[in-house]
Amino acid sequence: DSHKHKDKHKDREHSHKEHKRDKERENSKNGNRQQDKHFRFSPCNLSGLSYTRMCCFSSLSIKVEEDNGYHLPIKHEKPLKRERDEDDRYEHKPKKLKVDNEKKVKKRKQEDSDYEEREVCISLFLLKCLLLHFKESQKRAAGEVEMVRWEEEKYTDGSKWRFLEHKGPVFPPPYEPLPDRIRFYYDGKAMKLSPAAEEVATFYAKMLDHEYTTKDIFRKNFFKDWRKEMTPEEKSKITELKKCDFTEMHEYFKAQSEARKQMTKEEKQKIKEENERILQEYGYCVMDNHRERIGNFRIEPPGLFRGRGDHPKMGKLKRRIRPEDIIINCSKDSAHPQAPPGSRWKELRHDNKVTWLVSWTENIQGSIKYIMLNPSSRIKGEKDWQKYETARRLKKSVEHIRAQYREDWRSKEMRIRQRAVALYFIDKLALRAGNEKDEGETADTVGCCSLRVEHIRLHPQMDGQDYVVELDFPGKDSIRYYNKVSVEKRVFKNLQLFLENKQAKDDLFDRLNTSILNKHLQELMDGLTAKVFRTYNASITLQQQLKELTSPDDNIPEKILSYNRANRAVAVLCNHQRAPPKTFEKSMHNLQTKIDEKKKQLSAAKKELKAAKADAKMLRDEKSKKAVEMKKKAVQRISEQLMKLEVQATDREENKQIALGTSKLNYLDPRISVAWCKKWAVPIEKIYNKTQREKFAWAIDMTDEDFEF
DNA sequence: TTGCTGACTTAGGACCCGAGGC
DNA sequence: GCCTCGGGTCCTAAGTCAGCAA
């Protein structure tokens, strides 16, 4: 562990040096192509004109496969039709957008009234698309590739769509009572439960193998909620959980899942087809004339709440969601989804200021759950792009911001010093912001602003380093963050001061919260919030590590190993951990055995080659020459296989406790990876699987090998 | 300023299924 | 053809952050 964290620290220190270098490099290249590109691609385009390249085709045929929905400037793009909007796009100010919009409302009244017209006149709108489509096809046919822009399609009023149509959610199947032969025992005696009580009992029975059922809070919460579902008779009889025997139920479900596995190919195929049918019917929606994949179109089935860490509500009953709990969001002029027969929706809403299609309130925390679009959708992709553009803007001002917070360490105001030290942690250690949480309602986890005295230890000297801060706290999902980091003297002195006269449970930064911090960050840079630092530091680390680790002479597997190592450096930075796979030791052992065997094979093959060479030297005939060639090839093949296995082993070992997926999916600007792949001729499929390629279609589409984050 | 809520992103674990080895 | 393993996908919890009301 300590080794890991030392490395982690090293990585961080390194990347900071690299930041400077990057900055210098960037300065020296002032005005280069990248910058132009950056401007052109800046997310102002996102809500503006430039991405409106002709998705109106797909809008007509509704074929997302042919048009990924990203309206990216392409190389052969001709000058924009609406030059006057170009200027607007040079400065990206997402957060001011709303304010700006308000100010611009009057100015744009004329344009807005156009919108309104269009809104009420969808058919005209489609007609126009049709016309554009037609024109475009004509041009294409004539070999003229010109960008046709869908000028109308820009949402500067904060709306997210004009048209939204979907089929509503898919509900889980109703509860199927257990067959009579499957019995529940209380205090050793068989007892038939009412359907409601039985259903809840099955939730518990299904989890009998899980560690959850050994936890007191889980058992207590479950039992309390279960009793609420019981009939008065059941309630009076069943008073102690430990007298409940669910084993028959448990065995029944195990047998069922076993039976599912044993199904014939045909049966499995049938289920697959049915799932596909449901996906086609409910898994897509039409948003602004694109057919888009929906992320989660199934309503969460009832069950027992599985909170993470020491969650005070674990084991509580997550109740079944009924149509009457559901709010449907779609456009007025769409075919509204129908509630299941005999039921009705809670509400039918037409709010185009939000992106969700369906929502309901869950009963554990009382929070709202949503059905939204898949990451491959235009709306999510553009947001993602915008996120990375904000992080790239931070790259430009980060040195200034760092200088500022270093200055603030000396402020005479405590709140400023706290803010500055917290920001230093967020920047240097990629900590999360750390919002306040409801005590007793959620697991006790913290982030930067909510760190407490008990989470930090100061060591003026440790392991040969000065001013070491030891951080140890439960972070998001109760994942432990443990790190020892040497900080600057002034930070250290400040921390000593913050700790003075405080108890273990007191806040380290008692004059700070995320709201204060983010307000400050907003003043430093438009759109800047605490989490942008995580995105920025993750992406810049990837870029820098790739530069450092990639050797031009490496073959593809070695390059991929380098990529994974760079990815890993980021995962370590962001503390993305995973439980080591249960079969890790075993599979590692198996792999080692394979490697040993391969080595034996190799030496055998080499011997054979040697012998064949000797033969060839003696016999000097075609046959033995051929034999040498064959043996040579065999040696080559086997050593390649061996190398591959060894790389695999290294990769797997290094990956034992680290999850690469999270950073890849959420923190690393995909354009860095795409550019790297292009530069080193690594097929993008080796880095991104199909889903990831769909999510990052925008980046794959727009990125050249010389892209710089 | 504070508390609360809604919308959206980020997160790890469970589960499924197919590739590849035997 | 069977089995194992791991990647891919699904699931949904747990964060962040802005906006609003008191």
Side-chain angles (χ1 to χ4, degrees), chain A residues 94-95 98 158 160 172 207 209-212 257 260-261 268 271-272 275 279 295-301 303 305-309 311 313-314 318 327 329 351 353-356 359 361-362 364-375 379-380 383-384 387 432-438 441-443 445-450 474-479 513-519 521-522 527-532 534-535 538 571 574-579 581-584 586-588 590-591 594 597 648 652 655 657-667 688-692:
Chain A
K95 271 204 76 184
K98 226 175 170 177
K160 308 286 169 64
M207 291 179 74
D209 281 339
H210 205 288
E211 203 198 331
Y212 273 121
S257 86
R260 261 197 306 277
K261 279 179 203 154
K268 283 184 181 170
I271 293 174
K272 217 175 155 185
N275 281 334
L279 175 70
N296 54 327
F297 55 90
R298 290 173 196 275
I299 297 290
E300 294 172 16
F305 177 72
R306 296 155 98 116
R308 311 207 179 119
H311 201 296
K313 296 196 175 176
M314 64 167 74
K318 237 177 83 156
I327 302 174
N329 194 33
D351 181 359
K353 298 279 190 287
V354 297
T355 65
W356 53 266
S359 77
T361 304
E362 55 92 41
I364 304 289
Q365 318 276 4
S367 65
I368 307 170
K369 300 249 177 168
Y370 303 94
I371 290 181
M372 291 184 185
L373 295 192
N374 187 276
I379 208 158
K380 294 282 184 194
K383 201 76 190 296
D384 210 32
K387 173 181 80 187
R432 295 188 185 83
N435 283 312
E436 283 129 292
K437 298 176 72 184
D438 292 346
E441 300 283 303
T442 54
T445 63
V446 297
C448 185
C449 295
S450 49
K476 181 177 180 180
D477 292 318
S478 295
I479 298 288
N513 60 39
T514 53
S515 168
I516 297 173
L517 181 67
N518 280 333
K519 264 178 202 141
L521 292 175
Q522 184 57 231
L528 187 60
T529 62
K531 85 188 184 88
V532 179
R534 244 167 110 80
T535 311
C574 294
N575 202 38
H576 291 143
Q577 296 188 28
R578 64 165 185 173
K582 280 175 196 128
T583 53
F584 184 84
K586 199 181 145 208
S587 78
M588 210 57 205
N590 288 349
L591 191 59
K594 269 191 205 167
E597 273 167 21
Q648 203 185 340
R652 203 185 291 175
N655 243 9
Q657 301 199 67
I658 299 170
L660 299 186
T662 307
S663 49
K664 202 180 211 179
L665 237 43
N666 299 301
Y667 288 104
Y688 291 138
N689 65 34
K690 187 168 159 280
T691 316
Q692 292 163 342

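Only this structure's heavy atoms are used, side chains among them; waters, hydrogens and symmetry mates stay out. So that the names make sense, note that chain A is the first sequence line, chain B the second, and so on, each numbered from 1.
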_With a 4.0 Å limit, can you tell me whether A/T514 has a side-chain N or O closer than that to the phosphate oxygens OP1/OP2 of C/dT16?_
no
*asked:* Can you identify which nucleotide, out of C/dA14, C/dG8, B/dC8, has its nearest atom closest to the A/K160 side chain?
replied: B/dC8
*asked:* Does A/K318 reach a base, just sugar-phosphate, or nothing at all? Heavy atoms under 4.0 Å.
replied: sugar-phosphate
*asked:* Using a distance-only criterion (donor-acceptor N/O pair, under 3.5 Å, no hydrogens), is the base of B/dT10 paired with the side chain of A/K531?
replied: no
*If only side-chain N and O atoms of A/S359 are considered, is one of them under 4.0 Å from the OP1 or OP2 phosphate oxygen of B/dG6?*
no
*Looking for any heavy atom pair under 4.0 Å, which part of the strands does A/T355 touch: base, sugar-phosphate only, or nothing?*
sugar-phosphate
*NA contact type, A/P301, heavy-atom cut-off 4.0 Å: base, sugar-phosphate, or nothing?*
sugar-phosphate
*Are A/K268 and B/dC17 close enough that a side-chain N or O sits under 4.0 Å from OP1 or OP2?*
no
*Heavy atoms under 4.0 Å, any strand shown: does A/R432 hit a base, just sugar-phosphate, or nothing?*
sugar-phosphate
*asked:* By nearest heavy atom, map A/E300 and A/E436 onto DNA chain C; which one lands nearer the 5' end?
replied: A/E300
*Is A/S515 near enough to C/dA18 that one of its side-chain N or O atoms lies under 4.0 angstrom from OP1 or OP2?*
no
*Base, sugar-phosphate, or nothing for A/A443, non-hydrogen atoms under 4.0 angstrom?*
nothing
*What does A/G661 touch in the nucleic acid at a heavy-atom separation under 4.0 angstrom: a base, only the sugar-phosphate, or nothing?*
nothing
_Whether A/K272 contacts B/dC16 is assessed here as follows: a side-chain N or O lying under 4.0 Å from the phosphate OP1 or OP2. Is that the case?_
no
_Does A/R534 reach a base, just sugar-phosphate, or nothing at all? Heavy atoms under 4.0 Å._
sugar-phosphate
*Report yes if a side-chain nitrogen or oxygen of A/K437 is closer than 4.0 Å to either non-bridging phosphate oxygen (OP1 or OP2) of C/dG15; otherwise report no.*
yes
_Classify A/K519 by what it touches in the nucleic acid, base, sugar-phosphate, or nothing, heavy-atom distance under 4.0 Å._
nothing
*Name the closest nucleotide to the A/I368 side chain, picking from B/dA7, C/dA18, B/dA11.*
B/dA7
*Please state whether the phosphate of C/dA13, meaning OP1 or OP2, lies under 4.0 angstrom from any side-chain nitrogen or oxygen of A/K369.*
yes
*Does A/N296 put a side-chain nitrogen or oxygen below 4.0 Å from OP1 or OP2 of C/dC11?*
no
_Please classify the nucleic acid contact of A/G447 as base, sugar-phosphate, or nothing, using heavy-atom distances under 4.0 Å._
nothing
*OP1 or OP2 of C/dT16 less than 4.0 angstrom from a side-chain nitrogen or oxygen of A/N435, does that happen here?*
yes
*Does the side chain of A/H210 get closer than 4.0 angstrom to OP1 or OP2 of B/dA14 through an N or O atom?*
yes
_A/K313 side chain to A/I364 backbone, donor-acceptor under 3.5 Å_ = yes
_Let's see if you can work this out: which of C/dG8, C/dA13, B/dG12 has an atom nearest to the side-chain heavy atoms of A/A659?_
B/dG12
*A/S663 vs A/Y370, nearer the 5' end of DNA chain B by closest nucleotide*: A/Y370
*Ignoring the backbone of A/F305, work out which of B/dG12, C/dA13, B/dC8 is nearest its side chain.*
C/dA13
*How are the rings of A/F305 and A/H311 set relative to one another: parallel (under 30°), tilted (30 to 60°) or perpendicular (over 60°)?*
perpendicular
_Quick check on B/dT9: is either OP1 or OP2 less than 4.0 Å from any side-chain nitrogen or oxygen of A/Y667?_
no
_A/S367 vs B/dT5: side-chain N/O to OP1/OP2 distance below 4.0 Å_ = no
*Is a side-chain donor or acceptor of A/N296 paired with a backbone partner of A/R298 at a separation under 3.5 angstrom?*
no
*Give a yes/no answer on whether the side chain of A/H311 brings an N or O atom under 4.0 Å of OP1 or OP2 in C/dA14.*
yes
*asked:* Measuring to OP1 and OP2 of C/dG8, would you say a side-chain N or O of A/N689 lies under 4.0 angstrom away?
replied: yes
